[in-house]
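Each chain gets a letter, A, B and so on, in the order the sequences are listed, and its residues count up from 1.
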Amino acid sequence: ALSPQKKWAKRHLSWRVRTFPKESAVLGRETVRALMYYALKVWSDITPLNFHEVAGNKADIQIDFTKADHNDGYPFDGPGGTVAHAFFPGERFTAGDTHFDDDEAWTFRSPDSHGMDLFAVAVHEFGHAIGLAHTSAIESIMRPYYQGPVGDPLKYDLPYEDKVRVWQLYGVRDSVSHTARPDASSHTDDPPVLMDLPENKSTVPPARDAPDRCTSQFDAVAQIRGEAFFFKGKYFWRLTRDRHLVSLRPTQIQRFWRGLPANLDSIDAVYERPGDHKIVFFKGMKYWVFKDNIVEEGYPRLISDFGLPIEGVDAAFVWMHNDKTYFFKDNHYWRYDDHLRHMDQGYPKDTSLWKGIPSQLDDAMRWSDSASYFFKGKEYWRVVGSDMEVEAGYPRPIGIDWLICKDMQSDAPETRNNETGSQLTGQHHTDHAENGYEVCSCTS
Amino acid sequence: APSLTTEQMDMGVDWLSKFGYLPPADPVTGQLQTKEALTKAIKAMQRFGGLEETGVFDQATLGLMKTPRCSLPDMSETETTSSRRRR
């Protein structure tokens, strides 16, 4: 391999696709952006690096699709031959910049014979952009020669050889176990983010009956692919993995979750199934299973499949402590094993075993802080790790902590002092929505 | 190996220079690559590409040279010139 290259001193790097493939018949702009996002994520998942997409010309990693001689000393040569390159960190203006030959037939999820897999090449080039040089190691993604598609971007696992080399440059990301060998390591548990974000809110005028997030009592709440979804009536709000509300305006469930009956007026509970990351929706005695945001064939089915009574469920969530699925109805709860697909013996039990949790929950969910959250009315309760007792200082208001509501409405439960008598000190987000500002957050 | 055409030889030498295996021909003296340097460069490329190190432009080597690849060199300038300095 080349002598070790320079590396980035900073850990937060911005990126932007400045020019897109001109004639690509198969790759739209959104797909190109998504593939760049996932190719960068391959490296940020295992190192302390963080990538975020920006607009404008100041991005650290400017991505271009260009042809022939494009004035950087590395002219392309038409179809085949050289297909892409990237500049190492530290090389003045071009550091990190990545160029793809627009004379190539760039593809995504196509068999090898049909062109050049953009995701595979992008992972390689971004390896250069963060400082890795070519290597002769047969397994490595940093071999100079194109070796065909590398499979599903959502499941791609870097060869161990490349992990070690990039750890030598930047160290290991805290949450990564760097002792697991590739053969032993299961695929990263990091569930894939749902690819399509809801349509741009500004193109879909809010309907009259859209609920208000600060005064609502939610029907269902779930962590789906690392993001939080709050369902109310025919609508839902979405929060990114770092708890940023994607939009103040709710999105219609029907517009995003494809395949639910058109007359469905609300949801009872939702959870993401461990193992295959499919998403299960409950309403009354029926349930639907979604792969990503599209319902699978053969649904709805009856919840008796789980061994649950047909009265339906109030809440469903997967406890991170044992990866079991818990269903709640009134003041009973069941424990179900989604890996073996059967109800555990000795259930239902009384919800009082979960000390401090109210009965008749609206829903429950696990969150990436390894805690479990229980929702009822406008409040929520937090249970840490493997405890079965509510943490001190709860309940707290959902709106203030999750949905950027400044002051709860008059009819909301007043912000009580918690046990220590101190005034609630939750995160105070100033909500500009009322005075004409739009609060928005970047989600990629 | 079947005898190479001049064109194949030129393509091979250009390729080796482009990807860092051969220092570019000396622009002043126009000094061509020595046979020994060329053999050494071909062997380095074959080693990097996982091929048998024959030191000549055999079919497998010419085939790999035609494989789509990244534009960046496999050897840094320093490595190529240092090996020349060492010589």
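- Heavy atoms of other residues, nucleotides or ligands lying less than 6.0 angstrom from NZ of A:Lys10 number more than 12.
- Contact check for A:Arg143 versus B:Phe48: no side-chain heavy atoms found under the 4.5 Å cut-off.
- Enclosure of atom CD in A:Glu139 is not indicated, since only 12 or fewer non-hydrogen atoms of other residues, nucleotides or ligands lie within 6.0 angstrom.
- Here A:Ala84 is the residue among A:Ala86, A:Gly80, A:Ala84 with the most heavy-atom pairs under 4.5 Å with chain B.
- By the 6.0 Å contact criterion, NZ on A:Lys67 is enclosed, its count of non-hydrogen atoms from other residues, nucleotides or ligands being greater than 12.
- Cation-pi check for B:Arg69 over A:Tyr146 is not met; the charged atom does not lie both under 6.0 angstrom from the ring centroid and within 45 degrees of its normal.
- Note that OG1 of A:Thr82 and CZ of B:Phe19 are 6.0 Å apart. Values are rounded to the nearest 0.5 Å.
- With contacts defined as side-chain heavy-atom distances shorter than 4.5 Å, the pair B:Thr67/A:Gln147 does not qualify.
- Between the side chain of B:Ser71 and the main chain of A:Tyr74, no donor-acceptor pair closer than 3.5 Å is present.
- Interatomic distance, CG of A:Asp101 versus SG of B:Cys70, reported as 12.0 Å (0.5 Å rounding).
- Annotation: B:Glu52, atom CD; neighbour count of heavy atoms from other residues, nucleotides and ligands within 6.0 Å does not exceed 12.
- Summarising the geometry, atom NE2 belonging to A:His128 is positioned 4.0 Å from atom CG belonging to B:Leu72; distances are rounded to the nearest 0.5 Å.
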